[in-house]
Protein chains: 2
Amino acid sequence: MANIQEVAKQAGVSIATVSRVLNNTSKVSEKTRFKVEKAIQELNYAPSMLGRNLRNSESRLLLVLIHTFSNPYYTEIITGIEDYAIENNYNILLCETDDNLQREDIFLNMVRNKLADGIISMNPTVHVDKLKELANSHSIVLCSDYYEDADIPYIAIDNTIAAYRAVKYLITMGNNKIGLINFNENLLYAKQRRIGFENALNEFQLPICDEWIHHSDGLTFQDGVEAMRRMLRSKNRPTAVFAISDTLAIGALKELHAQGIKVPQEMAIIGFDNIAFSSMTTPTLTTVSQPKYQMGYRSAKMVIDHIQGLTIENVIMDYELIIRESTLE
Amino acid sequence: MANIQEVAKQAGVSIATVSRVLNNTSKVSEKTRFKVEKAIQELNYAPSMLGRNLRNSESRLLLVLIHTFSNPYYTEIITGIEDYAIENNYNILLCETDDNLQREDIFLNMVRNKLADGIISMNPTVHVDKLKELANSHSIVLCSDYYEDADIPYIAIDNTIAAYRAVKYLITMGNNKIGLINFNENLLYAKQRRIGFENALNEFQLPICDEWIHHSDGLTFQDGVEAMRRMLRSKNRPTAVFAISDTLAIGALKELHAQGIKVPQEMAIIGFDNIAFSSMTTPTLTTVSQPKYQMGYRSAKMVIDHIQGLTIENVIMDYELIIRESTLE
DNA sequence: ACAAAAAATGTAAACGTTTTCATTAAGTTT
DNA sequence: AAACTTAATGAAAACGTTTACATTTTTTGT
């Protein structure tokens with residue numbers, strides 16, 4: 001493939017001029033612009049990003065760290081990220097860490113290696129320390145999960161209040177025995193949602209019953225199935241369950257159906273995230289909706305702004321309670 | 001950030017030597033290796049991929065073209081692609097074309113611009129011609145959808161036979177009025193699945209009834225809802241429906257439920273793809289399973305092999321009929 | 001028609017690597 | 001200890017751009 005040199009030769013100009021017409025960076029006369037464009041055509045030339053990136057010392061790539069693709073929660077966020085990125089001539093490098101320390105290491109190093117200009121992490125990374133250190137010298141934004149003390153810019157919703165509101169809703173619907181299906185509470189959002197859950201119960205002086213609180217190992221549908229199965233082993237059952245993610249809630253729903261327990265009559269279920277599936281279940285799932293697309297879009301803006309030297313602020317987004325069949329009576 | 005020059009200076013060696021210890025590319029004495037490693041440590045040096053990529057004229061990036069993230073069909077494939085890519089020191093650039101011609105153009109150009117070394121396209125691209133032309137000089141592999149005449153390497157299942165088998169199964173379950181929910185038949189896989197559908201009906205001398213054949217505009221759940229809604233407008237209804245994708249099937253299921261039509265007793269439904277959610281619906285969905293992870297993994301191998309100059313063969317994968325509640329009686 | 005100002009173009013360095021080829025240092029053989 | 005082979009290292013070019021600065025060409029005002 002031709003390079004800028006050959007184009008210059010073919011057009012009878014210097015490479016500087018070719019570069020100028022390529023980037024519209026300073027005036028070049030109509031006549032020479034035409035000559036250059038003709039040469040570009042004839043040689044079927046396309047500028048090399050490798051050369052350009054080296055010269056500009058930027059890659060115009062954004063790393064997006066997620067735990068696993070199979071979690072549908074991410075899809076809309078990623079769409080938002082990509083939209084903003086493309087609009088600003090960036091591309092996104094999607095990285096699935098899958099709890100693999102080694103892989104995470106590779107990914108984090110990419111930004112040191114200049115392969116990526118910044119990171120959007122949606123990954124409750126195991127390497128908090130490494131991430132923190134990296135954030136000193138590079139552009140990193142945390143999206144939807146973050147660390148309280150880490151001083152890395154983030155965008156998220158107020159999980160504590162959102163969970164509180166969800167559980168309060170269950171209570172006002174007449175439930176006074178409320179269970180929780182949570183994920184690993186080392187994750188801040190899991191911890192916060194639990195606190196919100198407890199706040200609501202406390203406010204109404206309802207019992208917080210360990211028998212009704214179960215933790216899953218992951219966030220797949222199957223993990224939800226299993227959590228609910230465990231919960232149903234005890235005779236004393238809650239009349240409503242708050243699941244910390246829609247995937248878990250949907251799995252729970254499935255297990256309830258399998259055991260012939262009617263939702264919402266015998267047990268109400270509320271999820272979190274409003275993934276696309278949640279309106280396709282039977283019954284449809286009540287859930288807390290995060291503005292996922294917007295969170296993605298804005299986190300991309302944040303990281304790009306930061307790359308370009310602007311100072312950025314944390315942002316807290318609004319959530320919304322979406323009431324569907326799984327909690328109606 | 002330090003560069004190789006400074007490391008060399010600090011270690012008191014030449015940059016060539018530093019490069020050698022970095023890449024283990026030729027022998028360097030224990031003593032100097034140690035010196036260099038010490039210098040790297042002290043300067044907290046990480047080699048720049050920008051320089052390396054330019055010098056090696058490769059980006060070690062793979063473009064993965066998909067239509068939209070929101071289609072859960074892709075997730076497992078992408079995981080497969082990424083696994084093979086990472087194992088071979090490549091990364092993947094995920095590109096959502098979203099039917100946007102301009103955006104697709106940008107993406108296709110990336111490979112000409114050397115930003116990517118190869119493309120895995122899962123996108124029924126509008127620019128077939130451009131893709132074909134690109135394939136002459138670059139590494140492109142089509143995954144799961146392909147073009148018959150285009151002479152671009154592909155990996156897929158035999159959609160015609162798979163659809164035939166699925167519909168035949170419906171017939172042997174006693175259905176003789178069978179409908180189809182299809183997508184845009186310009187896509188080869190859609191066309192092929194329709195042919196398989198017709199082959200089965202013809203074999204058993206069953207009618208192919210236009211009233212029972214509906215096309216959706218997209219592949220979202222909602223598209224499935226709407227297709228089924230249209231189908232239910234006519235009094236004369238099929239007793240079973242083959243939907244060309246699980247998302248459409250799940251939407252159809254939802255609409256049947258909404259209209260109080262019992263599945264599978266009054267109408268059986270079969271989908272295609274075996275997405276994770278298909279075992280979470282009520283009833284669970286019978287479907288044709290493609291080995292999605294493997295298809296991803298192998299398509300990554302194909303494109304990387306091709307990049308490295310090997311000749312590659314098209315591959316046809318096996319499928320599997322997964323029988324669940326939506327077709328049992 | 002000439003000087004001065006403005007516009008257009010060219011030259012060359014720089015970005016950070018890898019690698020060929022040349023050179024020096026270290027062993028080996030006689 | 002000299003001559004030779006092998007191992008280790010260094011010098012410099014190359015990858016393909018962009019851009020500061022220098023130079024040339026064109027335009028303007030007199």
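Just so it is clear: chains get the letters A, B, ... in the order the sequence lines come, proteins before strands, and each one is counted from 1. Fair warning: this is a prediction, and the values are worked out from it, not measured in the lab.
- Under 4.0 angstrom from either OP1 or OP2 of D:dG10 there lies at least one side-chain N or O belonging to B:T17.
- B:K27 places its NZ atom 18 Å from the P atom of D:dG10, with the value rounded to the nearest Å.
- At a cut-off of 3.5 angstrom, the base of C:dT18 holds at least one donor-acceptor pair with the side chain of B:R55.
- Atom CZ in A:R20 sits roughly 10 Å away from atom C1' in D:dA20 (whole-Å rounding).
- Listed for the B:R60 side chain is no donor-acceptor partner under 3.5 Å among the backbone atoms of B:N91.
- Taking only side-chain nitrogens and oxygens, A:R52 never comes nearer than 4.0 Å to OP1 or OP2 of D:dG16.
- The closest donor-acceptor contact from the side chain of A:R55 to the backbone of A:L50 lies at 3.5 Å or more, if one exists at all.
- Of the residues B:N53, B:N113, B:D117, the one that meets the side-chain hydrogen bond (donor to acceptor under 3.5 Å, both in side chains) test with B:S59 is B:D117.
- Counting to the nearest Å, the P atom of D:dT18 and the CG atom of A:L54 are 11 Å from each other.
- Side-chain atoms of B:T79 come within 3.5 Å of backbone N or O of B:T75 as a donor-acceptor pair.
- A residue-by-residue look at A:N23 and A:K31 shows that A:N23 has its nearest nucleotide of DNA chain D further toward the 5' end.
- Distance from the side chain of A:N56 is smallest for D:dT18 among the nucleotides D:dT9, C:dA8, D:dT18.
- Taking atom CG of residue B:N3 and atom C1' of nucleotide C:dG16, one finds them 7 Å apart after rounding to whole Å.
- When rounded to the nearest whole Å, the span between CD of A:Q5 and C1' of D:dA13 equals 14 Å.
- When distances run from any side-chain atom of A:I4 to the nucleotides C:dT17, C:dT18, D:dT18, the shortest one goes to D:dT18.
- D:dG10 atom C1' lies 13 Å from atom NZ of B:K35, rounded to whole Å.
- Checking C:dC15, D:dA8, D:dT17 against every side-chain atom of A:I15, the shortest atom distance belongs to D:dT17.
- Looking at the side chain of A:A16, the nearest of the listed nucleotides C:dT11, C:dT18, D:dT9 is C:dT11.
- Note on B:S26: every side-chain N or O is 4.0 Å or more away from OP1 and OP2 of D:dA8.
- To the nearest angstrom, C1' of C:dG16 lies 15 Å from CG of B:L43.
- As a whole-Å value, the separation of B:L115 CG from D:dC15 P is 20 Å.
- Among D:dG16, C:dT19, C:dA8, the nucleotide with an atom closest to any side-chain atom of A:S29 is C:dA8.
- No donor-acceptor pair closer than 3.5 Å links the side chain of A:T97 to the backbone N or O of A:N100.
- Regarding contacts with the backbone of C:dG16, every side-chain N or O of B:S48 stays at 4.0 angstrom or more from both OP1 and OP2.
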